Amino acid sequence: MIAAFCESLDKFARANIDARRIDAAHKIEPSILHGLAELGVFGASIPEEYGGSELGLEGVCAVVTALARHDRSVATTVGLHLGLGTRGLVAFGSDALKERWLPDIASGKKLAAFATTEAGAGSDLAAIRTRGMEEDGALVVNGEKIYVTNGGLADVYTITASTPGLGGARRGHSLLLLERDDVGVKRGAEEDKLGLRGSSTNTMYFDDARIPLDRVIGVAGEGMTHLAHVLAWGRTAMAAGCIGSATAALEATVAHVAHRQQFGKTLDAFEVVQDQVSEMAATRFAMQAVVHAAATGPRLLSASTTAKILCSEGSWDITDMAIQLHGGSGYIEETGIALILRDARVTRIFEGANDVLRTHLGLLEATVPAERARLAGRSPLGAVADALHDTLTELRTDAARRFGIKLGRQQRILHRLGELALLRDSCDAVVELASAPDAPSNAMDLASRWLHVARLRSLAPISEFADASSPVLPFSGVAHA
Ligand SMILES: Cc1cc2nc3c(=O)[nH]c(=O)nc-3n(C[C@H](O)[C@H](O)[C@H](O)COP(=O)(O)OP(=O)(O)OC[C@H]3O[C@@H](n4cnc5c(N)ncnc54)[C@H](O)[C@@H]3O)c2cc1C
């Protein structure tokens, strides 16, 4: 069912979506959004009882991948709606909230957005200042949210606010549902961006916005816990979009190197080019594997973080190599690759800056090491994944012995632990996907190549990171350079 749906999206996109036109116009033509609504795309994450098709996270990922192959602004608009924009309401909303909003959200009549970031609270979400204060049986919301994707198009916003006292939590946060037409809700002008120019991005202002208390999504005061789940969904869907854009860049490159001739032969006759294209394909396979693991596996929180980092960096690397192999033509907008690169850049920043997330992964690995079965006996490739796991365990054990409970403050080591955890999890996911009965015929080759890449990336000597006396360039000197 998911595959057939994505085929219909692909067909629609080929006939109706022109990425360069959307980029130039800085907006998506309403006819495209209407057409997608008619196909049922906006209900892909919504339960059937509210008019959706309930495809689950795996289905949402497939939808976003299919769209991103054609245009990242469209994929972002739809993906944000299906992920961050609606997940809170679907997973935690009361029946009354769902009955009131989900049918219109599923049909595409109302678009959803998600507003958490503030000027002073980007990576540091604990610094959120937007407040919802209980007053005479209502909630009065004041604050400002920046960089709200779909901000200019949406009717329904899930926002994160500090709600002191609400639900008995003295310092709690809550997810709140606000509507575009609520009194006190205003939106700012569209941002001018490097890429994703067709996707709407605005500041939202909440100025004494008064909403009923039943607009709290989930448990009052438990907003940060709910947020972790919503972000995990959103990050997985976003990572899936990176697969779509990487696929577009890879396909264009394979076609280009097959016909472009230099030195009397086509580019794909050169060994170096063959290696580069193989690595692009292996990276894309790893991206597919980690998204599959996040969307279908039991550890959504850590797996979604791995998928977000690996896919955003993978699509950047693939697109960068695509431009390189296109030569000068890759740098010219007409080829379309330059646009993919501009669109791709933000994926390493939004939904959590990658280095912040790497450090989170490292902290998670330091405090709750992943339980993992050894793979060597199951697959010929499993030994590489096991070796990575052993390297990680060695670093973690050594760091824990040396720093004890202060390990949580050793950012360089946590960051390195996070990188190793990410590589280990990517290898596990790749081995899993390559061993699946329906794996493509070249899956073992792709997996083998990715394991090689991961092993090389893991080789930076552990001592360099674990040794507190390793040379670190004094930051004050850098700052005055
Ligand atoms: C186009 C676009 C769309 C967006 N859409 C949404 C949306 O729909 N809803 C929403 O709520 N937000 C949205 N965002 C916001 C986005 O999630 C934030 O920009 C992102 O989380 C980073 O926050 P920041 O920009 O404040 O960067 P900062 O937190 O200021 O960080 C800047 C950089 O400093 C470094 N850094 C920061 N902290 C650390 C650390 N602890 N360790 C190591 N390095 C660190 C990282 O390199 C980071 O990239 C969007 C942003 C953009 C650009």
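Read the numbers this way: they start at 1 and go in the same order the structure lists the ligands and their atoms. Predicted, not measured: the structure shown is a model, and the values here were computed from it.
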When you pair each N or O of ligand 1 with protein N or O atoms, which pairs come out under 3.5 Å?
unit_1	atom_1	unit_2	atom_2	d
ligand 1	5 (N)	Tyr147	O	2.8
ligand 1	5 (N)	Thr149	OG1	2.8
ligand 1	8 (O)	Phe114	O	3.4
ligand 1	8 (O)	Thr149	N	3.0
ligand 1	8 (O)	Thr149	OG1	3.3
ligand 1	9 (N)	Phe114	O	2.9
ligand 1	11 (O)	Thr116	N	2.8
ligand 1	11 (O)	Thr117	N	2.9
ligand 1	11 (O)	Thr117	OG1	3.1
ligand 1	12 (N)	Thr117	OG1	2.7
ligand 1	17 (O)	Glu351	N	3.3
ligand 1	29 (O)	Ser123	N	3.0
ligand 1	29 (O)	Ser123	OG	2.6
ligand 1	42 (N)	Gln411	NE2	2.7

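- Applying side chain to side chain contact (heavy atoms under 4.5 Å, CB included) to Val185 and the options Ile211, Leu178, Ile159 leaves one that passes, Leu178.
- Pairs of residues two or more places apart, or lying in two chains, that qualify as salt bridge (Lys or Arg N to Asp or Glu O under 4.0 Å) and include a residue from residues 147-175 are Asp155-Arg180.
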Derivation of the side-chain contact (heavy atoms from CB on, under 4.5 Å) call for Val90 and Leu102: CA-CA 8 Å; Val90 170; Leu102 285 184; 4.1 Å; yes
With a 3.5 Å cut-off and sequence neighbours excluded, list the donor-acceptor pairs that the side chains of residues 230-244 form with protein atoms.
unit_1	atom_1	unit_2	atom_2	d
Arg235	NE	Glu351	O	2.6
Arg235	NH2	Glu351	O	3.3
Thr236	OG1	Ala232	O	2.7

Verdict with reasoning, Ser312 to Asn354, per side-chain hydrogen bond (donor to acceptor under 3.5 Å, both in side chains): CA-CA 9 Å; Ser312 58; Asn354 283 9; 2.9 Å; yes
Which pairs of donor and acceptor atoms, one on a side chain in residues 24-33, lie under 3.5 Å apart (sequence neighbours left out)?
unit_1	atom_1	unit_2	atom_2	d
His26	NE2	Arg197	NH1	2.7
Glu29	OE2	Arg21	NE	3.1
Glu29	OE2	Arg21	NH2	3.1

